[in-house]
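In what follows, a structure is listed as structure tokens, so that the remarks can point back to it.
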Amino acid sequence: MTANESPELVDLFTTYTAGPNSIGSHLTRTAASDTADAPLIVATGTDFALYPGGGKPPTVEGFRLSTKGFKELAGISHLGPALATLVQLRKKYGALGWRADAERLLAQVRRSREANSAELWRDTIAVETYRGREQAITDMADYTFAVTDRFLSAALEDESRLDAATLRGEYLEKGSAEGHGTILHMMIATFFLTGLDISHRIISWFREQEIDWSRAMAVIAGKQGRPTAGVTWNTSSVATMLLGASGYQLPLERLYMAPHAPTFTTPPNGDLSEVAALEEPLRQIWSNTRATVELGDLMFPGLPRYTPGHLTLPDISDPSVNEISEMPVIHGANDWRAMTTRLRMVLEDPRQLLSGSVTDFAVSQLVAADNDPAKVTVPGLDNVTYPTGL
């Protein structure tokens with residue numbers, strides 16, 4: 001107690017608000033007990049955990065660290081931002097180290113091109129979701145390596161070519177006039193493929209659990225991607241996958257974003273002890289939030305109630321639209337303006353996950369196709385071709 005505090009009024013504060021014996025804590029414990037047999041779903045930045053309720057043990061499904069092909073596709077898709085970074089280092093900051101970085105990147109691009117083959121994607125990386133698309137992925141990667149090699153080689157020979165206009169005209173958009181795939185198409189395709197594989201596996205896993213979605217309690221806990229990202233329904237690719245896995249049956253008011261909630265590490269060797277230990281505190285977080293929400297109807301029944309809902313996605317098919325604050329709606333697998341605008345937005349909007357530019361589009365297509373990846377159109381891969389042998 002400080003000199004400027006009233007012990008009587010502070011005690012009044014703690015009676016309801018603070019401490020394990022407060023009235024508010026009593027409400028939390030009571031609400032958690034009332035929902036102890038309801039399924040609780042918790043997502044961290046790398047895993048989903050299902051607590052079935054009623055004292056049954058949890059199960060865990062990884063969705064990021066266990067994703068085959070993720071690093072390989074990310075290495076390819078990040079070549080666009082990598083070259084833009086070199087331009088920024090040279091033009092804006094005058095950093096002399098850009099040349100050493102460019103040489104190092106060029107060496108890795110050449111090594112990757114030599115390793116790239118349909119056999120690599122089919123037999124070694126072997127992602128079941130990509131089955132039948134291995135040759136197309138190989139061609140896309142080969143084209144990317146070839147034009148990246150040419151751009152870097154030219155810039156190292158004449159550094160004046162390492163500028164924004166040349167990057168856009170001779171690298172990012174090169175090929176658009178000829179009607180074949182571009183680096184921008186490749187970036188969309190690689191992000192989509194990653195989202196497609198993760199979403200397919202998560203949807204399959206949740207279907208096996210036979211969850212009563214009307215009673216499900218869901219918490220997305222901890223950090224999702226970069227520190228400022230993924231803290232709302234509309235900016236979290238994990239929320240997008242979870243809603244899709246439920247067949248869009250999980251009520252939004254039962255899904256809470258909790259960036260400060262405790263999380264578990266990916267269970268080593270199947271040891272779920274840490275996951276199990278967090279069930280009670282995570283149930284209390286959900287129950288505390290829910291119990292407070294329910295006070296609104298009790299206290300203010302005559303006033304408009306809050307109803308969660310998806311924000312309306314802006315439509316940028318009108319070329320006069322030049323500013324947006326939410327992801328634009330994608331009208332189909334050939335809506336390049338919307339998808340490339342999303343590439344820009346995930347860089348500029350700190351709320352967004354960098355890899356989540358088209359995850360919601362992949363999820364919605366999978367749900368419509370009854371979770372069959374073969375029936376989904378991969379934009380930038382299935383609907384374009386990439387020249388080979390360059």
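Scope of the values below: all heavy atoms of this structure, side chains included, with no hydrogens, waters or symmetry mates.
Residues R110 and S153 form a side-chain contact, since some pair of their non-hydrogen atoms from C-beta on lies under 4.5 Å apart. No side-chain heavy atom of Y256 sits less than 4.5 Å from a side-chain heavy atom of M217. Side-chain contact between Y248 and S364 is present, with at least one heavy-atom pair separated by less than 4.5 Å.
Distance check, rounded to the nearest 0.5 Å: CD of Q88 to CG of L162 gives 10.5 Å. Note that the CD1 atom of I183 and the OG atom of S77 stand 11.0 Å from one another [nearest 0.5 Å].
Counting non-hydrogen atoms of neighbouring residues, nucleotides and ligands closer than 6.0 angstrom, the CZ atom of R111 reaches no more than 12 such neighbours. Within a 6.0 Å sphere centred on CZ of R207, heavy atoms belonging to other residues, nucleotides or ligands number more than 12. Heavy-atom contacts from other residues, nucleotides or ligands closer than 6.0 Å to CZ of R150 number 12 or fewer. Within 6.0 Å of NE2 on H26 lie no more than 12 heavy atoms contributed by other residues, nucleotides or ligands.
Side-chain atoms of N383 and H185 form no donor-acceptor pair, as typed in the model, at a separation below 3.5 Å. Side-chain contact, T232 with N234: no donor N or O sits under 3.5 Å from an acceptor N or O.
The pair R305-D297 counts as a salt bridge, with a side-chain nitrogen and a carboxylate oxygen less than 4.0 angstrom apart. Using a cutoff of 4.0 Å between basic side-chain nitrogens and carboxylate oxygens, E280 and R283 are not scored as salt-bridged. R342 has a carboxylate O that lies under 4.0 Å from a charged side-chain N of D360, or vice versa, which qualifies the two as a salt bridge.
F151 approaches R161 most closely through the heavy-atom pair CZ-O, 4.0 Å. The shortest non-hydrogen separation linking D349 to R226 is O-NH2, 2.8 Å. Minimum interatomic distance between L156 and R99 (heavy atoms only, all atoms of both residues): O-NH1, 2.9 Å.
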Going through the distances and angles, do R133 and D382 end up as a salt bridge (Lys or Arg N to Asp or Glu O under 4.0 Å)? CA-CA 8 Å; R133 293 184 168 103; D382 294 343; 2.9 Å; yes
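Between the side chain of H200 and the main chain of N371, a donor-acceptor pair closer than 3.5 Å is present.
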